[in-house]
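Beneath this line is the structure, given in structure tokens, with notes to follow.
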Protein chains: 2
Amino acid sequence: MDAANILRNRGLRVTKIRVAILEALGEGLQALPYGDLQKKLSQFDRTTIYRTLLALIDKGLIHKALEENNESYYALCSDCTSNLHNHNHVHFKCNECSSVQCLHISKEVGLSIPEIVIDSIEITAKGTCSTCLLTH
Amino acid sequence: MDAANILRNRGLRVTKIRVAILEALGEGLQALPYGDLQKKLSQFDRTTIYRTLLALIDKGLIHKALEENNESYYALCSDCTSNLHNHNHVHFKCNECSSVQCLHISKEVGLSIPEIVIDSIEITAKGTCSTCLLTH
DNA sequence: ATCTTTTATGCAACATTGTTGCGTTTATGT
DNA sequence: ACATAAACGCAACAATGTTGCATAAAAGAT
Ligand SMILES: [Mn+2]
Ligand SMILES: [Mn+2]
Ligand SMILES: [Zn+2]
Ligand SMILES: [Zn+2]
């Protein structure tokens, strides 16, 4: 399904920047830092990028994969709806090239701590990505 | 051991702000957001707080527990040295009061992904803390 | 195709945090 | 107390977040 229809399905109007952001993240697994998005979308106002990201997150089309060194990485959602956000997959960041990707693997981590209630668990893995392994 | 001696042991000069930061984080498990630190340390220049945090992190005295919504949470290290940083414990954030604490529990998470090498794994749990559970 | 209404966008403005350079002050060993 | 290396405070700038408001654009109706 193309970006325009994806937007319509979530009750969002089809606008240039929304299509542009979805297409920028279009590869699927790869997450992009905000700075990269801003460069790719330099024809749009910064505020619009900001509000568009909020809208797409709200509708379950994208999610913030991780936040590190004051940089937020965004990626497409794979199976979220407007009402149900489901991001309990693993995020991986390469220490060499700083790339971030969503690893859609199911990983159950049972954690039980006395006196507190745990609702969700986020896992971030770090290491070396396949691309960087090749160039070694 | 008091803050002054902790600093000397890591080869850091004993200055007011370093002592103040260590004492601000002094409870141990609780992490503090940068904003709170800045309020507590308002007698010091912002730049000095910034550089002091870097120095204390570098020497393995404190660590960034997590980064969320553009806020960094700092906590004391429990068993780091100047050379060996060991932060592979769980971080917990309360969805109610936004408090963050280090959970010093050993949690092995084996992750094996083809084509990539994983060096470390960070786990962040979210839910309701003991304090917020009581006030319900 | 045009009109109407709702929503999105662009711009200005301000806040917070990060980051560096540099002159001054302070901590520490002698 | 002195010398010196290190730390601090201040100025300055960058990046991102955030809001209000006037203008432009999208969607549905005519
Ligand atoms: Mn993801
Ligand atoms: Mn911790
Ligand atoms: Zn890489
Ligand atoms: Zn709480």
Side-chain angles (χ1 to χ4, degrees), chain A residues 2-24 31-59 61-74 82 98 100, chain B residues 2-25 31-59 61-75 82 98 100:
Chain A
D2 67 331
N5 279 312
I6 290 173
L7 290 167
R8 286 191 196 97
N9 286 347
R10 302 296 169 108
L12 287 172
R13 289 187 178 183
V14 179
T15 66
K16 286 176 191 164
I17 192 174
R18 288 174 181 169
V19 171
I21 287 186
L22 289 181
E23 290 182 347
L32 285 184
Y34 172 79
D36 282 18
L37 279 174
Q38 190 165 322
K39 280 181 208 107
K40 284 198 178 188
L41 304 168
S42 55
Q43 70 265 40
F44 301 101
D45 185 80
R46 203 167 60 77
T47 310
T48 306
I49 299 175
Y50 168 71
R51 283 195 265 234
T52 303
L53 290 174
L54 288 183
L56 296 179
I57 287 173
D58 183 56
K59 297 298 181 183
L61 288 174
I62 68 175
H63 65 286
K64 194 182 278 194
L66 72 82
E67 214 173 317
E68 193 175 79
N69 294 125
N70 320 300
E71 196 146 42
S72 295
Y73 288 72
Y74 297 91
S82 299
S98 297
V100 171
Chain B
D2 67 331
N5 278 313
I6 291 173
L7 289 167
R8 287 192 194 96
N9 286 348
R10 301 296 168 106
L12 287 173
R13 291 188 178 184
V14 179
T15 66
K16 286 175 192 166
I17 192 174
R18 285 172 183 172
V19 171
I21 287 186
L22 290 181
E23 291 181 345
L25 298 177
L32 284 184
Y34 173 79
D36 282 18
L37 279 174
Q38 190 164 324
K39 281 180 208 111
K40 284 198 181 191
L41 305 169
S42 56
Q43 71 263 40
F44 301 102
D45 186 80
R46 204 167 62 79
T47 312
T48 307
I49 299 175
Y50 168 72
R51 282 194 266 233
T52 302
L53 290 173
L54 287 182
L56 296 179
I57 289 172
D58 183 56
K59 297 299 181 181
L61 289 175
I62 68 174
H63 65 286
K64 194 181 280 195
L66 71 82
E67 215 172 316
E68 192 174 80
N69 294 126
N70 319 299
E71 196 144 43
S72 294
Y73 288 73
Y74 297 91
S82 298
S98 297
V100 173

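Protein chains get the first letters and strands the later ones, always in sequence-line order, with residue 1 at the start of each.
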Rounded distance in Å - [atom1] ([X]) to [atom2] ([N]):
{"X": "B:Ile49", "N": "D:dC8", "atom1": "CD1", "atom2": "P", "result": "11 Å"}
{"X": "B:Gln43", "N": "D:dG9", "atom1": "CD", "atom2": "P", "result": "9 Å"}
{"X": "B:Asn70", "N": "D:dT16", "atom1": "CG", "atom2": "P", "result": "10 Å"}
{"X": "B:Glu71", "N": "D:dA15", "atom1": "CD", "atom2": "P", "result": "22 Å"}
{"X": "B:Leu53", "N": "D:dA7", "atom1": "CG", "atom2": "P", "result": "14 Å"}
{"X": "B:Leu41", "N": "D:dG9", "atom1": "CG", "atom2": "C1'", "result": "15 Å"}
{"X": "A:Arg8", "N": "C:dA8", "atom1": "CZ", "atom2": "P", "result": "14 Å"}

- request: Describe the nucleic acid contact of B:Arg46 in one word from base, sugar-phosphate, nothing, applying a heavy-atom distance below 4.0 Å.
  value: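 Base contact.
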Think [X] has a side-chain N or O under 4.0 angstrom from the OP1 or OP2 of [N]?
{"X": "A:Thr47", "N": "D:dG17", "result": "no"}
{"X": "A:Tyr50", "N": "D:dG17", "result": "no"}
{"X": "B:Thr52", "N": "D:dA7", "result": "no"}
{"X": "A:Thr48", "N": "C:dA8", "result": "no"}
{"X": "A:Tyr34", "N": "D:dT16", "result": "no"}
{"X": "B:Arg18", "N": "D:dA7", "result": "yes"}

Would a 4.5 Å heavy-atom cut-off, applied to side chains only, mark [X] and [Y] as touching?
{"X": "B:Tyr50", "Y": "B:Arg46", "result": "no"}
{"X": "A:Ile17", "Y": "A:Asp45", "result": "no"}
{"X": "A:Thr48", "Y": "A:Leu41", "result": "no"}

task: Report the residue (B:Gln38 or A:Arg51) whose heavy-atom-nearest nucleotide on DNA chain C is the more 5′ of the two.
output: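 The residue whose closest nucleotide sits nearer the 5' end is A:Arg51.
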task: Take B:Ile62 and B:Leu22 through the side chain to side chain contact (heavy atoms under 4.5 Å, CB included) test and state the conclusion after the steps.
output: CA-CA 8 Å; B:Ile62 68 174; B:Leu22 290 181; 4.2 Å; yes
